Structures are given as C-alpha cells and as structure tokens.
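Shown next, in structure tokens, is the structure this report addresses.
Quick caveat, the model's predicted, so the values are computed rather than measured. Labels below follow one simple rule: chain letters A, B, ... track the order of the sequence lines, proteins then strands, and each chain is numbered from 1.
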Protein chains: 2
Amino acid sequence: MRKIKLADIAKVANVSSITVSRALSTPEKVKPETCEKIQKIAQDMGYIPNFMAKGLKSKSKTIGVIVPTIINPFFASAVKSIIRSANKTGYNCLLFSSDESQSIEQNAVNTLISYNIDGVIIAVISEDEHYTPAYFSTLKKLEIPVVLLDRHIDAPHVCGVYLDNIDSGYKLGKEVISNNFQRILIVSGSPNSKVANARLAGLKMAAEEAGSSVIIDVIKADFNTELAKRLVQDYLGQHKPDAIIGLNNQITLGALEASVVHNYQLGSDIHFYSIDEIKTAKNFGISIPCIRHDVEDFGYHAVTQLIRAIESDNCDKLSDIIIRGTVVK
Amino acid sequence: MRKIKLADIAKVANVSSITVSRALSTPEKVKPETCEKIQKIAQDMGYIPNFMAKGLKSKSKTIGVIVPTIINPFFASAVKSIIRSANKTGYNCLLFSSDESQSIEQNAVNTLISYNIDGVIIAVISEDEHYTPAYFSTLKKLEIPVVLLDRHIDAPHVCGVYLDNIDSGYKLGKEVISNNFQRILIVSGSPNSKVANARLAGLKMAAEEAGSSVIIDVIKADFNTELAKRLVQDYLGQHKPDAIIGLNNQITLGALEASVVHNYQLGSDIHFYSIDEIKTAKNFGISIPCIRHDVEDFGYHAVTQLIRAIESDNCDKLSDIIIRGTVVK
DNA sequence: ATGAAAGCGCTAACAC
DNA sequence: GTGTTAGCGCTTTCAT
C-alpha cells in the first residue's frame with residue numbers, strides 16, 4: 001500500500017491539502033472544529049508525515065552526530081544523552097560512527113549534509129592538536145553550525161563542549177598524593193594529544209603542590225587499551241609501583257590487565273586511579289577512584305548550544321562550555 | 001552559501017541537469033568525455049547530493065535500526081557491524097535507541113517511516129513471548145521489510161536473525177558440568193522471556209544428559225544487572241554455590257557484584273559462567289568461560305537478509321537465520 | 001547521447 | 001479561515 005499523504009486526508013475531509021498541513025503542524029491557523037475533524041481523520045487513516053518532502057523546503061529538524069566509536073561506554077552514554085535531549089526539543093538525530101577513520105568521518109559529514117541536517121555534533125577522530133579536517137570549511141560555507149564534543153579543534157566559528165582536563169588531572173592528583181605512595185606510574189595518551197597533555201599537566205601541578213618525594217613515572221601510550229597494556233607490561237618488568245593512574249578508561253583497563261599478568265593483587269598490591277569511570281570495576285569488587293563526568297550534562301549542553309545556533313542563525317554568539325568532573329572513590 | 005545543486009553544475013558544464021544527474025549516478029549513459037568533464041566540475045564545486053530530493057522520488061537507500069539500548073556492549077557491537085555492512089552495500093543507517101520503552105519504540109518506527117526508509121532492523125524491547133507491537137501491521141501495509149534481531153516475535157512476513165539459545169545453554173551446560181561442582185546457581189531472565197527460557201532449557205538438557213548429582217538452583221530475574229544482583233545477594237545469604245551461571249552479560253555482572261558483597265574470592269571460591277562475553281573480565285584477571293557469539297556475523301546476516309528483501313520486493317522468500325555461539329574459556 | 005517536462009509530498013507566499 | 005500556485009532538487013518518461 002502507498003503511504004497516506006496530505007492529499008488523501010484532504011479528499012476525505014473535503015478541504016485542500018494545505019489546510020490539512022496547517023491542521024497538523026500549525027493548528028492555531030485553522031478553525032477549531034475543522035482542525036479537530038482533520039486530526040481525527042489523519043489519526044484514523046494512520047497518517048505518517050514524509051520528512052523527505054518536508055525537508056526539501058524547510059529545515060529538516062534533524063541534527064547529525066558523529067563519534068569515533070559507540071563501543072566505548074563514554075561515547076555510548078554521550079550519544080544516549082544527546083539523542084534524548086534532541087528528541088525532547090523536537091529534533092531527530094542521525095548517528096554515525098567514524099570508526100576512528102578520517103575517511104569514514106569525512107563521508108559521514110557528507111552523508112549528513114546530504115540529509116539536509118540543521119547542525120552537527122562531532123567528537124572528532126583525532127587527539128592531535130593539529131588535526132583540522134577538510135569538512136570544516138564546507139560546513140562553514142553552508143552555514144551549518146558545529147558543536148565539538150570532548151576533542152578540541154582550533155577552527156573559527158566552531159564551539160564545543162569540553163571537559164576541564166587540567167582540573168580533572170589536578171583533582172585526581174590530589175586524591176592520589178594523599179595516600180603516600182612510593183612510586184606512581186601515570187599512563188598517558190599520545191604525546192600530541194591535547195586532552196592527555198592537559199590531564200598530565202593537572203596531575204603534575206597537584207604533585208608539585210604537595211611537594212611529596214614520591215617517584216612519578218610517565219608512559220605515553222594512546223587512548224586505547226592495547227598499547228597501554230603492552231607498555232605497562234614492559235614497565236612492570238623493571239619497576240614496582242604502588243599505584244597506576246590511567247588517563248582514560250581504556251588505558252586503565254590495559255594497565256589493569258598488565259598488572260594481572262605480573263601477578264599483582266589488584267587493589268591491594270597495587271592501586272588504580274582513572275580519569276573516566278570504569279563502571280564494571282565495582283562488579284568485580286575492585287575500587288578504582290576516578291574522575292567522573294556527568295555525561296548526561298555533556299549531551300544536554302551540546303544539544304542546547306547547537307539548537308541555539310540553529311535557531312538564531314548566528315554561530316558567532318556561541319561560547320565553549322567546560323564541564324568539570326568530580327572525584328568518585 | 002547555498003548548497004551546490006545539479007543545475008549549478010549543469011550551467012558550468014553547458015549541459016542540462018539531467019545529464020549531470022546521469023553522469024553522477026549512471027555514468028554509462030553519458031558520453032565518456034562529457035561524463036568526465038561533468039564529474040570533474042562536480043568535484044571542484046564540492047557537490048554533495050541532496051538525499052531529501054532523491055528520496056522523494058526513488059528509494060532512499062536508507063535502512064532504520066532500532067535497539068533497546070546502545071550502552072549494552074552486545075547491542076553496541078551489533079549496531080557497529082550492521083552499520084559497517086550496510087555502508088559497504090551502499091546503504092545508510094538511521095539508528096534509534098528505544099530505551100526499553102514501548103512508546104519510544106513506536107515513535108522510532110514512525111520517524112523511520114517518515115524518512116522513507118527502505119527497510120528496518122529491530123531488536124524489540126520486550127522479551128515477552130506475547131509482545132506484538134502495533135507498528136508491525138503498519139510496516140506490513142507499507143511493504144517495508146523487517147528483520148528482527150535477537151528477540152523473536154511471532155508475526156507473519158517478518159524474518160529474523162537469532163541466536164541458537166538452546167544450543168548456547170546446552171554448550172555452556174556441558175562446560176559447567178564437566179567441573180564436578182556441588183551446587184550451581186543459574187540466574188535466568190524473566191519467566192516469560194523466550195530467550196531466557198530457551199537458554200535454560202539447553203542448560204537443563206546438558207545437566208540431565210550428564211546425570212550428575214549436582215544441585216541446581218534457578219533464580220528468575222531479568223536481563224538487567226540490578227535485579228540479578230539483588231536476588232543473588234539474597235540467595236547467597238542462604239546457600240553456598242560453587243558456580244553461578246548468568247544467562248546474559250548484565251545478569252552475570254550483577255551476580256559477580258553480589259558475590260563480592262558476600263566476600264567470595266571471584267574465580268576461586270566461586271566460579272562464573274556466562275552467556276555473552278564479558279570483555280572487561282580479562283582486564284580484571286577473572287576468567288569467565290562463556291558462550292561468545294560472532295556479533296560481526298550477526299550484523300552481516302541481518303543486513304544481507306534485509307537488503308535481499310528490499311531489492312527483490314519479496315519478503316516471503318526470507319528465512320530466519322540462527323547463529324550458534326562457541327564456548328570460550 | 002542528450003534534453004524537456006512532469007511530478008514526488010509538502011509548505012511559503014500570495015490571494016480570496 | 002481557507003484555497004491556489006509555485007517551487008524545493010532530483011529522477012522518470014518520453015521525445016529528439
């Protein structure tokens with residue numbers, strides 16, 4: 001069966017399509033009784049609007065979301081809250097995962113533009129401070145507002161919702177230092193990751209402030225589990241730290257596994273600290289004090305910023321939003 | 001700036017829009033040199049097609065995907081593989097999460113229909129054997145093919161990709177029984193969940209076959225962590241099992257935590273078995289033998305089935321696909 | 001091999 | 001308060 005369209009309802013109701021259109025989207029412009037009649041008929045006939053036709057003329061009321069991967073619980077939660085906030089405001093989301101690939105990311109942006117999205121929220125693939133993908137200028141030309149998520153890029157007319165990474169590092173540092181450990185290992189992200197470096201800076205700040213005599217070693221890995229695991233395993237062959245700090249959830253998981261390989265008793269021989277919560281830790285009875293970020297909030301702010309930009313047609317007013325984390329023991 | 005459209009390219013190339021359309025989508029219908037010229041111009045001008053306009057007349061080359069939640073790694077992986085398979089075949093995916101709510105699920109289907117999707121892949125919210133949501137008849141009327149994911153529904157003209165749950169239960173049962181435990185606790189899903197009951201049946205089959213004298217207790221919880229945790233905690237106040245079998249990943253996580261509360265040493269005082277892998281277990285050095293399903297495969301089959309249905313305009317030919325899991329120690 | 005015209009379903013602009 | 005017309009960008013049909 002073909003889809004019911006406005007004209008079908010119009011015929012039954014003995015009015016024109018435009019009246020039906022108005023009855024369904026701007027009811028105040030139609031005489032109440034006509035309106036009611038039309039709405040009832042639409043309901044009975046099972047009318048479902050056609051966004052393709054609608055979006056061709058007016059705004060699509062759709063925003064695009066691109067994240068590097070939805071397997072990482074951090075992004076999964078962020079996506080969830082973004083979708084929820086957007087739906088509440090009457091927007092739909094098209095979600096893409098870039099699989100950490102630059103070309104897939106570029107394609108995703110093109111596809112979103114193809115769908116006439118009104119705005120985009122992107123957590124870009126690269127941690128690199130100098131990553132400035134080509135699609136930014138395209139989006140700017142088309143006046144499609146962009147809100148960056150978590151990973152910063154230096155582009156004009158782009159705003160973002162970020163975590164206060166220095167603050168996170170600092171807070172976690174304070175927490176760790178208070179324990180009088182002898183030797184602490186910090187496992188960071190890649191050397192030119194802004195996020196990683198800011199977290200590291202915060203940690204060092206806390207350490208210096210404490211003036212403690214603890215030995216602090218730093219390994220630069222990346223924000224994935226595998227490399228962190230390998231490097232920590234090598235490190236543990238030579239040193240015996242009391243505590244390991246992972247600068248994101250994936251790193252911490254890798255460090256945990258490396259310690260298991262070296263027969264450490266997690267949580268007693270060696271203590272773990274993490275930025276980003278590891279939710280399953282408590283299922284295994286391991287306490288991993290961490291910096292938790294309100295991901296619900298994260299998504300909310302991203303959507304709010306974006307929709308302001310869309311509906312005001314003025315990207316310039318937008319400011320960045322920095323979200324602070326809290327220490328969770 | 002406005003988006004570049006076919007007509008803009010046409011003007012520059014001194015041809016009509018339709019020729020440009022052909023050069024870009026069916027190049028074999030255009031003289032090679034004209035074609036090449038047009039393609040180059042399109043490239044230079046940064047042309048990005050408008051799916052809204054395209055989808056208005058022809059198929060949208062878009063499929064809808066609805067899962068109960070993307071936070072659960074099982075669905076996150078499935079979604080990832082679905083998107084990947086679909087993209088490879090030239091389809092885009094619109095992803096919705098129903099948040100385990102019937103009304104959100106219904107809305108998601110409507111929204112997808114609004115976007116003129118060519119087909120839908122759904123993991124329905126309910127485990128209940130008798131859940132048959134209203135939108136099925138709508139989709140059928142509109143001749144939009146549906147492929148069910150993981151959770152079965154008895155509806156005509158609907159096919160699905162399922163796990164072989166009896167087989168999973170049986171295989172895991174064999175594995176558990178071989179250990180000569182004294183008392184085993186099975187934590188199942190809700191009493192009228194088909195999936196849970198099939199897994200349970202498989203387990204019992206393995207137990208009976210072995211004729212072992214082990215005591216087997218069964219708790220009916222649901223497929224979430226919280227309830228399982230609470231019920232197992234109560235149970236452990238009265239009994240002391242050597243092994244716990246969780247019938248999905250969330251249940252197993254709950255059972256683990258309950259055991260921690262009761263001061264069991266995970267993996268030595270008490271052993272865990274699970275259907276669905278718990279990837280973080282190895283990071284914590286706990287071995288949880290499980291039934292692993294090839295989720296990559298899962299998504300691949302779902303997409304393949306759906307696209308066959310879409311492109312053959314014949315939903316009747318479709319058959320269900322049952323995927324077997326493998327034991328992973 | 002190329003083009004002209006019509007139409008997909010909806011709504012903004014302009015009547016009445 | 002309601003209707004007519006035209007057009008969004010693309011493709012299908014029918015001509016050349």
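A distance-only check finds a donor-acceptor pair linking the side chain of B/Ser137 to the backbone of B/Ala134 [under 3.5 Å]. Between the side chain of B/Gln305 and the main chain of B/Ser319, a donor-acceptor pair closer than 3.5 Å is present. Looking only at distances, a side-chain donor or acceptor of B/Arg151 sits under 3.5 Å from a matching main-chain atom of B/Val124.
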Subject >> Verdict with reasoning, B/Ser98 to B/Ser101, per side chain to side chain donor-acceptor pair (under 3.5 Å) >> reply: CA-CA 6 Å; B/Ser98 59; B/Ser101 140; over 6 Å; no
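Protein chain B contacts DNA chain C from C/dA1 to C/dG9, reading 5' to 3' and using non-hydrogen atoms of the protein with a distance under 4.0 Å.
With sequence neighbours left out, B/His293 forms a ring pair (Phe, Tyr, Trp, His ring centres under 6.0 Å) with no residue at all. Residues that satisfy the salt bridge (Lys or Arg N to Asp or Glu O under 4.0 Å) test with A/Lys194, not counting sequence neighbours, are absent from this structure.
Remark: the A/Thr111 side chain and the A/Ser114 side chain contain no N/O donor-acceptor pair separated by less than 3.5 Å. Donor-acceptor pairing under 3.5 Å is recorded for the side chains of A/Lys3 and B/Asn116.
Taking five base pairs at each end of the helix from C/dA1-D/dT16 to C/dC16-D/dG1 and finding the rotation axis that steps the C1' atoms of four pairs onto the next four gives two axes whose angle is 40°, to the nearest 10°.
Applying the salt bridge (charged side-chain N to carboxylate O under 4.0 Å, His left out) rule to pairs touching residues 40-52 of chain B yields B/Lys40-B/Asp44, sequence neighbours excluded.
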Original post:
Quick one: what's the B/S/- string for nucleotides 3-16 of chain D, heavy-atom cutoff under 4.0 Å, read 5' to 3'?
Top reply: BB--BBBBBB----
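A perpendicular orientation is assigned to the rings of B/Phe51 and A/Tyr115, their planes being inclined by more than 60° (bins at 30° and 60°).
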